[in-house]
Structures are given as C-alpha cells and as structure tokens.
Amino acid sequence: LRNVCDLKSGAVFPSQAADQEYYGLPPEKRKGRTHPAVDRTILSGTAALTASVFLRASALLGRRDLEEFALKTLDLLLREGFDAKRGMAHVLGEEAGLRGLARDQGLVSGALVDAYELTGRAAYLEPALTLIQFCRDRLWSETEKGLLDRPPGVDELGELSKKRKNLADAGLVAEAALRLAGHLDPSLREFARNVLGAFPDLLDDYGHGTVEYAAACDLLERPVTEVDLIGATPEWSRAAVASFVPRRVIRHSIPEKGS
C-alpha cells in the first residue's frame with residue numbers, strides 16, 4: 001500500500017504498472033530494482049472506497065494509523081474535489097474536469113458517513129448529505145424514471161452521449177441515502193426507494209452490480225439496528241463499528257451537563 005498511498009497527504013493512487021518481470025521475482029530480489037510506475041491520478045471514488053475500507057479495518061484491528069490516514073484522504077477529497085453545486089470531481093486537481101458522476105457521489109457520501117460513525121465528528125455528515133441531495137436534484141430523471149449515471153448536459157460523443165441508469169451506481173447512492181435518512185433527513189428514504197424501484201426486472205447481464213443493489217434493498221426493507229452512543233470514548237466507537245451488524249446506524253451525542 002505504501003506504493004499507491006501518500007501517507008503524508010492522504011492521496012490514494014488508482015494503479016501500479018503490471019510489471020510481470022518485477023512481480024515474478026521473490027521479495028529479496030525486488031529490493032534492488034525500481035518499483036513499477038504508479039499512476040498518480042487521484043480518482044475520488046477510488047480514494048473514498050479505500051478510506052471506507054481503512055476506517056473499518058482500523059476498528060477491527062485497533063489500528064489508529066489506518067483511521068488517521070482515511071480521515072486525511074476524506075479531508076483531501078473535500079478540500080480539492082467537493083463542490084456543493086456541481087458535485088464531487090471525478091479527478092482531483094481538474095477544475096474544469098468531469099463532475100457529478102453518480103458512483104463518485106455515492107462512494108464519497110458513504111465514506112463520510114463511515115467517518116462520522118467512527119469518530120462522532122458531525123462535520124462529515126453535512127457534505128455527505130449535500131452530495132446525495134445533488135443526486136436527487138440533478139441526477140434523477142423523470143423521463144427515464146430513474147437515477148442517471150451522470151448529469152444531463154455533459155457533451156459526449158457516440159454511445160457515451162446516452163445517459164444510462166446503472167444498477168451498481170443506483171445501489172451505492174441509495175445505500176448512502178438510506179444511511180443519511182437515519183441521521184439527518186428521513187425524506188431520503190423515499191428517494192432511495194424510487195432509485196431502487198427503477199429496476200423492475202433483474203437481468204442476467206447486470207453482473208457484479210447486483211451486489212451494491214442487493215445491499216441497498218436489504219437496508220431498505222429489513223429492520224435496522226440503531227446504536228446511540230452518548231459521550232462515547234473512542235474505544236466505544238470502535239467497538240460499535242467493529243461489531244458484525246449488517247444493517248446499522250450509529251449516532252453520537254454529548255450528554256448535557258448535570259445529566
């Protein structure tokens with residue numbers, strides 16, 4: 001991971017060159033060779049997904065360093081890629097680049113909720129909510145009766161000019177919306193239901209996207225465990241996150257003086 005993560009800045013890089021000769025060597029013989037090249041583009045969705053994994057791992061393994069890195073990553077995404085009106089940038093550092101992809105909004109929003117549930121820092125919830133509201137206001141199509149994979153009006157050529165409903169993207173956005181419904185805005189539950197209801201028939205060619213979709217449907221239709229932590233220590237928060245509960249909302253509050 002050191003090769004594809006900048007531990008100081010929190011940057012996560014998407015890939016490293018598949019040098020068959022290098023990776024075919026035993027570890028001791030790799031030491032004297034140059035590491036394969038790393039693509040240093042920072043993709044918001046990939047970075048957010050990595051942050052989510054690191055936050056979960058930090059709770060399971062008791063590794064504060066993983067939590068600290070994940071929070072650096074999310075702070076970097078908010079600082080350099082977040083825009084309340086235009087959504088998350090797909091690539092950090094490209095001001096005029098592509099923004100508002102449904103997958104990026106869902107992954108970043110979900111990671112921000114993960115950060116809140118582990119740390120209790122409410123500041124992570126507001127941008128998470130803003131991204132899902134962006135999806136509701138800008139990506140929902142009454143014509144298609146579903147969530148589009150990117151905002152209308154983006155000039156693209158050929159097949160890419162056709163806006164599509166994507167099963168996996170819909171699942172990610174719906175899951176983030178359902179989690180936020182348990183924290184800030186109950187009305188998002190109906191939005192999530194509409195997003196998931198846009199796929200009346202599951203087809204054989206949907207592939208791995210059915211995983212994200214099924215997880216969101218499970219969160220929508222089955223009971224959710226609500227965990228309320230009042231004045232929780234970091235140890236309590238980590239224990240709550242580490243527990244194996246498939247459908248869960250973790251809320252933090254500070255007790256009033258004298259209570």
Side-chain angles (χ1 to χ4, degrees), residues 43-56 70-71 73-75 77-78 81-84 86-90 99-119 121-140 146-151 165-199 208-222 224-227 241 245-252:
L43 304 177
S44 62
T46 300
L49 182 59
T50 303
S52 286
V53 171
F54 276 31
L55 289 168
R56 174 75 169 165
L71 297 180
T73 300
L74 292 177
D75 291 342
L77 291 176
L78 291 176
F82 175 81
D83 187 300
R86 298 186 296 155
M88 281 300 304
H90 181 58
R99 283 183 174 270
L101 296 183
R103 185 170 186 81
D104 293 337
Q105 316 313 300
L107 286 170
V108 174
S109 182
L112 291 169
V113 176
D114 290 336
Y116 163 74
E117 293 192 339
L118 180 61
T119 68
R121 301 177 193 172
Y124 286 118
L125 286 180
E126 198 59 41
L129 178 62
T130 298
L131 293 176
I132 295 304
Q133 289 172 332
F134 172 88
C135 292
R136 182 189 62 192
D137 299 340
R138 294 288 310 282
L139 301 184
W140 178 262
L147 189 80
L148 301 180
D149 58 0
R150 55 199 181 281
K165 297 184 296 183
N166 181 282
L167 190 76
D169 294 356
L172 289 169
V173 170
E175 183 174 3
L178 288 167
R179 295 177 70 190
L180 285 163
H183 287 297
L184 293 177
D185 184 356
S187 72
L188 289 176
R189 185 174 180 81
E190 188 61 27
F191 168 63
R193 185 181 296 278
N194 291 336
V195 169
L196 296 172
F199 298 88
H208 297 298
T210 54
V211 174
E212 289 92 344
Y213 183 81
C217 289
D218 184 58
L219 187 59
L220 174 67
E221 296 296 342
R222 299 177 69 186
V224 174
T225 299
E226 299 184 10
V227 181
V241 171
V245 182
R247 297 169 303 282
R248 174 189 59 203
V249 171
I250 300 174
R251 303 187 188 93
H252 294 261

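This is a predicted model, so every value here is computed, not measured.
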Would you indicate whether the side-chain heavy atoms of Arg103 and Leu172 approach each other to under 4.5 Å?
yes
What heavy-atom pair brings Ala111 and Ala48 nearest, and what distance separates the two atoms?
CB-O, 3.5 Å
Could you tell me whether a side-chain N or O of Arg248 sits under 3.5 Å from a main-chain N or O of Thr225, the two making a donor and an acceptor?
no
Would you indicate whether the side-chain heavy atoms of Val241 and Ile250 approach each other to under 4.5 Å?
yes
4.5 Å side-chain heavy-atom contact, Gln105 and Arg138:
no
Between Arg247 and Glu175, is there a side-chain N and carboxylate O pair less than 4.0 Å apart?
no
Heavy-atom closest pair, residues Lys165 and Gly146
CD-CA, 3.6 Å
Would you be so kind as to tabulate the donor-acceptor pairs closer than 3.5 Å made by side chains of residues 181-190, with sequence neighbours excluded?
from, atom 1, to, atom 2, distance (Å)
His183, NE2, Glu117, OE2, 3.0
Asp185, OD1, Ser187, N, 3.1
Asp185, OD1, Ser187, OG, 2.5
Asp185, OD2, Ser187, OG, 3.2
Arg189, NH2, Leu220, O, 2.5

Once rounded to the nearest 0.5 Å, what's the spacing between atom CG of Leu49 and atom OG of Ser44?
11.5 Å
Quick check for you: to the nearest 0.5 Å, what is the distance between Arg251 atom CZ and Leu125 atom CG?
11.0 Å
Side chains of Leu196 and Tyr213: does their closest heavy-atom pair fall under 4.5 Å?
yes
Least distance between heavy atoms, Ala174 atom then Ala192 atom:
O-CB, 3.7 Å
In terms of side-chain geometry, is the basic nitrogen of Asp114 or Arg179 positioned less than 4.0 Å from the acidic oxygen of its partner?
yes
Measuring only between side-chain heavy atoms, which start at C-beta, is Asp149 closer than 4.5 Å to Leu101?
no
Distance in Å, Ser52 OG paired with Leu74 CG, rounded so as to fall on 0.5 Å steps
7.0 Å
OG1-NE2 distance between Thr119 and His252, expressed to the nearest 0.5 angstrom
6.5 Å
Does the side chain of Leu112 come within less than 4.5 Å of Leu78's, by heavy atoms?
yes
For Ala102 versus Leu147, what's the shortest heavy-atom pair and its separation?
CB-CD2, 4.2 Å
Mind listing the closest non-hydrogen atom pair of Phe191 and Cys135 along with its distance?
CZ-C, 4.1 Å
Test item: Leu55 and Leu71 side chains (from C-beta on) under 4.5 Å apart, heavy atoms:
yes
Heavy-atom distance under 4.5 Å between the side chains of Val108 and Phe82, does that happen here?
no
Identify, with sequence neighbours excluded, every residue that meets salt bridge (Lys or Arg N to Asp or Glu O under 4.0 Å) alongside Asp75.
none
Grab the two heavy atoms, one from Ala128 and one from Leu180, that are nearest each other, plus how far apart they are.
O-CD1, 3.5 Å
In Å and rounded to the nearest 0.5 Å, what is the CG to CG distance from Leu178 to Leu219?
4.5 Å
